[in-house]
Peer 1: 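For reference, the structure I am asking about is given below.
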Amino acid sequence: MAQLIRNGTFARPFAGDVDYYRINGGNADRLEGWTMTTPLVGVDVYGTQVSRSHYQAVDLNGDDRNGISQDFSPTTGKRVRITWQACQNPHVGWCLHAPTQSYEAFVTDSGGAVVAKGGYTPLPTWSQAEPLTFLATGSAYTLTFSSQTNGWCGATITGVIADEIDDPPPPPPPSTDFQLRQPDPVQAAPGGSTTVNVEIAARSDAPVDKAVPQVFTAPTGFLFTGAASYGYYFGEPPHPVGNLTTVLGDGGRTITVSDPIAINTSPQTRHAVTYTFALQAKQGAVPGTYADGSAKVGSQSIPLIATVR
């Protein structure tokens with residue numbers, strides 16, 4: 001995917017590590033690729049120390065609110081996505097208590113018609129703004145960022161990218177079936193404590209978020225204590241963890257989970273969720289390995305196996 005925007009990180013002109021560079025009517029050509037809405041008002045290019053980013057950035061205000069624009073040429077018939085990062089003005093000298101610094105971003109075609117537009121209020125820290133997308137029916141467009149806040153301190157932007165994207169293929173039909181597995185051996189001496197893990201995996205990459213019956217039965221010689229937790233360990237960090245909502249039955253021989261199962265609903269919840277149940281071996285339990293426990297989730301069932309030492 002080709003980047004259609006020039007100087008999207010505002011590296012030119014170089015502002016230095018601890019300074020900013022004022023762009024106005026006298027040196028407007030230094031802001032490579034961009035033009036200003038009101039050149040006499042100007043904009044400021046922040047160096048990385050002032051921007052508090054890996055990249056230089058542009059303050060959309062100079063002596064007052066202003067804007068910047070760039071012409072670009074996508075391929076006719078292609079869908080275009082424009083992304084960027086924004087932040088409340090990080091200049092510590094006079095912008096810490098400035099107004100909300102709202103701004104607009106929009107794309108116009110060669111006839112001046114708006115084909116994509118958004119209104120934004122930046123957060124106090126750098127974050128990705130909601131992208132603009134449109135279908136290119138021509139080859140000449142203009143991207144504009146326009147401050148909506150008066151004064152010296154405007155929204156700050158960087159990392160502007162415009163690229164052509166393919167329309168995503170239709171998603172496959174969701175699979176609501178699960179695969180169950182007991183990944184670890186379980187053993188304890190009579191009266192001792194241990195845990196049993198049950199891995200619940202989706203059969204495809206399609207998102208699953210549904211409530212299904214979930215009943216677990218302890219093997220002979222063991223009882224559930226009621227402590228139960230979940231963790232997503234196959235997706236991207238940070239790994240979500242927490243406690244399950246459960247009800248004990250038959251004096252601790254069974255435990256029922258009432259939480260819905262959510263898998264592949266985010267980068268952090270990919271592939272599988274692991275349940276961990278606290279078990280206690282009964283006093284006087286006869287040593288041996290017992291495979292008469294069970295994990296039943298929806299229509300799927302596997303035996304749970306544990307050893308009394």
Peer 1: Please test Val45 against Val58 for side chain to side chain contact (heavy atoms under 4.5 Å, CB included), starting from the C-alpha separation and ending with a verdict.
Peer 2: CA-CA 5 Å; Val45 176; Val58 157; 4.0 Å; yes
Peer 1: So, Asn197 versus Thr274: side-chain donor-acceptor pair below 3.5 Å or not?
Peer 2: no
Peer 1: Using a 3.5 Å cut-off and no angle test, enumerate the donor-acceptor pairs between side-chain atoms of residues 211-219 and protein atoms at least two apart in sequence or in another chain.
Peer 2:
residue, atom, partner, partner atom, Å
Gln214, OE1, Tyr275, OH, 2.7
Gln214, NE2, Asp259, O, 2.7
Thr217, OG1, Ser294, OG, 3.4

Peer 1: Should Ile263 and Thr269 count as side-chain neighbours, where that means a heavy-atom distance under 4.5 Å?
Peer 2: no
Peer 1: Do Trp34 and Ile23 touch side chain to side chain, with heavy atoms closer than 4.5 Å?
Peer 2: no
Peer 1: How close do Gln268 and Tyr232 get, heavy atom to heavy atom, and via which atoms?
Peer 2: O-CB, 3.4 Å
Peer 1: So which atom in Leu143 and which in Ile5 form the shortest heavy-atom distance, rounded to 0.1 Å?
Peer 2: CD2-CD1, 4.1 Å
Peer 1: Considering residues, nucleotides and ligands other than Arg253, do more than 12 of their heavy atoms fall under 6.0 Å from its CZ?
Peer 2: yes
Peer 1: Minimum heavy-atom separation for Ala136 and Pro74, please, with both atom names.
Peer 2: CB-CG, 3.8 Å
Peer 1: Strictly below 4.0 Å, N to O, side chains only: are Arg22 and Asp63 in salt-bridge contact?
Peer 2: yes
Peer 1: Is there a side-chain contact between Tyr21 and Leu31, using heavy atoms and a 4.5 Å cut-off?
Peer 2: no
Peer 1: If you count every heavy atom of other residues, nucleotides or ligands that lies below 6.0 Å from Tyr55 atom OH, does the total exceed 12?
Peer 2: no
Peer 1: For Phe222, check ring-ring contact (aromatic ring centres under 6.0 Å, His included) against everything at least two apart and list the hits.
Peer 2: none
Peer 1: Check Arg12 with Glu32, please: is the shortest side-chain N to carboxylate O separation under 4.0 Å?
Peer 2: yes
